[in-house]
Amino acid sequence: MRAALWLLVLFGIAVAVALFAGNNQGSVTLFWPPYRIDLSLNLVLLLLVAAFFVVYTAIRALSALFDLPRQALRWRTQQKERAMHASLLDAISHLLAGRYIRARKSAEAVLEQETSLTASGHRPANAAQLRAIAHVLAAESAQALQDRAAREEHLQRALEQASARDAQETRDGAILRAARWALEDREPEGAMKLLQGLPQGAARRTLALRTRLRASRQAGQPLEALETARLLAKHHAFSEVAARSILRGLAIDLLNGAYDVAQLQRAWSGLEPGEQLMPEVAIHAAQRLMALRGDARLARDWLLPVWEAQGELGDNLRVKLVGALEEGLDSIDAGWLARIEAAQKTHPRDATLQYLAGMACMKRQLWGKAQQLLTQAALGLQDGALHRNAWRALAALAEQREDASAAALAWKKAAGDA
């Protein structure tokens, strides 16, 4: 459409010129005594146009001639800038390829070329960011070469260069890399200190949170690690399965860090409801509470949600749940005894529930029922520890009723599982 419009305009101009020049009878007379020159108006117009183009061309030629030194200087500057950026790309490529010495030399070449350009009065617009990145690359190479002195020197210079307003992102990146280097050197405190220097927005980025998680775990700070893992899980930094596994492990580490009942209760209270409902966490918390000689009733309260969902548990977790409940059977109340008996009657062939019900009856001095349940459980239990404990309980019951042969047989069965 635009081309058609231009074509119409050109046709209009051509028609106008033809109409003007075809019927133009005007003339121009030049008097130069003793001469007189008569020229047609059309010829004069053509000569004026031709003179304009000749003068314009001459001026452009002279301008280009006088501009040659500046163009040459500009070309040399461009060549230096291209060489500087090529060295930067070489440094990145060598670093990715594991050629750390060459990467370091290329990064240092970038710094030299930038210094040369600045000294010649042609400082690049992104000079601060460029120098910061080159120092970070050199520091990364020095870290790989175990040259800590050179790494720290380049890191400090990178932070100095990145303090400019146009290089804030580069500064954040340098701090994150430095934190990772500290973790590689097994210095989690140094990594945490570096991460604290990040702005609030940068500190909540996924990479920063991942680094903080590693640092807090190395530093033995399970609460800090757990809080960081929660943020990462909310940001969907892990898959659902991985997030659950990480949170479960950190929650267990937090519980393991409690060395008295009060600390354990505070640690349990610090867990989120979803973490308290994790079977592994609740079972471990109850076992830890019993190991610290805590209240068995409190342990059973922690285990109640797990008990109500025991049908969804695997065999290994069910065995652990039974073991955790068994440790507090001395103080079991009627409510829990009813729950255990109801579960056993619902699943009469479940050897694990038979074992737990039998041990509960034994603690309540219901000897006959205990012997019946434990005998059935001993024939079906797959877990070695529970199977051995069942025969030991049967041996104790036999000794109580003075049945020496049954007691000996039960002790023999228990010894056979040892």
Side-chain angles (χ1 to χ4, degrees), residues 1-18 20-21 24 26 28 30-32 37 39-96 102-138 154 157-171 173-174:
M1 186 66 183
R2 182 177 296 178
L5 291 175
W6 273 107
L7 201 59
L8 289 175
V9 170
L10 288 176
F11 274 121
I13 294 174
V15 170
V17 171
F20 175 77
N24 186 8
V28 176
L30 297 177
F31 292 96
W32 190 275
I37 303 174
L39 299 172
S40 67
L41 181 59
N42 292 340
L43 178 60
V44 171
L45 293 176
L46 288 175
L47 291 175
L48 288 174
V49 171
F52 170 77
F53 279 108
V54 170
V55 173
Y56 176 77
T57 303
I59 292 174
R60 290 294 302 271
L62 289 173
S63 176
L65 179 63
F66 292 127
D67 197 47
L68 282 178
R70 189 180 66 84
Q71 292 290 341
L73 179 61
R74 180 181 178 185
W75 180 83
R76 287 194 298 270
T77 303
Q78 288 179 345
Q79 292 300 109
K80 290 181 179 180
E81 289 182 353
R82 289 172 182 171
M84 179 178 62
H85 287 94
S87 297
L88 183 64
L89 293 176
D90 288 341
I92 296 174
S93 300
H94 291 318
L95 186 63
L96 294 176
R102 294 192 177 188
R104 185 173 174 179
K105 289 182 178 179
S106 297
E108 292 173 350
V110 173
L111 296 171
E112 293 175 358
Q113 290 161 349
E114 193 278 333
T115 302
S116 176
L117 280 171
T118 303
S120 63
H122 297 86
R123 178 183 175 86
N126 56 346
Q129 187 177 17
L130 192 66
R131 291 186 65 84
I133 293 176
H135 279 299
V136 170
L137 292 175
H154 283 292
R157 292 188 178 181
L159 295 177
E160 292 173 1
Q161 294 295 327
S163 60
R165 182 176 301 177
D166 59 345
Q168 287 297 319
E169 292 295 329
T170 308
R171 181 180 182 277

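The basis for the numbers below is simple: all heavy atoms, side chains too, and nothing from hydrogens, waters or symmetry mates. Just so you know, residue 1 is the first one in the sequence shown, and it goes up from there.
Within the model, atoms NE2 of H122 and CZ of R74 stand 10.5 Å from one another, a figure rounded to the nearest 0.5 Å. With values rounded to the nearest 0.5 angstrom, R102 atom CZ is found 6.0 Å from H94 atom NE2. Between the NE2 atom of H85 and the CD atom of Q113 there is a distance of 10.5 Å, given to the nearest 0.5 Å. Interatomic distance, H154 NE2 to L159 CG, rounded to the nearest 0.5 Å: 13.0 Å. For the atom pair R157 CZ and L111 CG, the distance stands at 8.5 Å (nearest 0.5 Å). Rounding to the nearest 0.5 angstrom, the gap separating the NZ atom in K105 from the CD atom in E112 is 11.5 Å.
Residues L88 and L137 are in side-chain contact: their nearest non-hydrogen atoms beyond the backbone lie under 4.5 Å apart.
The nearest pair of heavy atoms linking L117 to P124 is CD1-CG, 4.2 Å. Shown here for S106 and S87, the closest heavy-atom pair between the two residues is CB-O, 3.6 Å. Residue A107 comes nearest to A91 through the heavy atom pair N-CB, 3.8 Å, listed as atom of the first residue, atom of the second, then distance.
A donor-acceptor contact closer than 3.5 angstrom links the side chains of Q79 and R82.
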T118/E114 under side chain to side chain donor-acceptor pair (under 3.5 Å): CA gap, chis, key distance, verdict: CA-CA 6 Å; T118 303; E114 193 278 333; 2.8 Å; yes
Output side-chain donor-acceptor pairs under 3.5 Å for residues 53-64, partner residues at least two apart or in another chain, one line each.
| residue | atom | partner | partner atom | Å |
| --- | --- | --- | --- | --- |
| Y56 | OH | R60 | NH1 | 2.9 |
| T57 | OG1 | F53 | O | 2.7 |

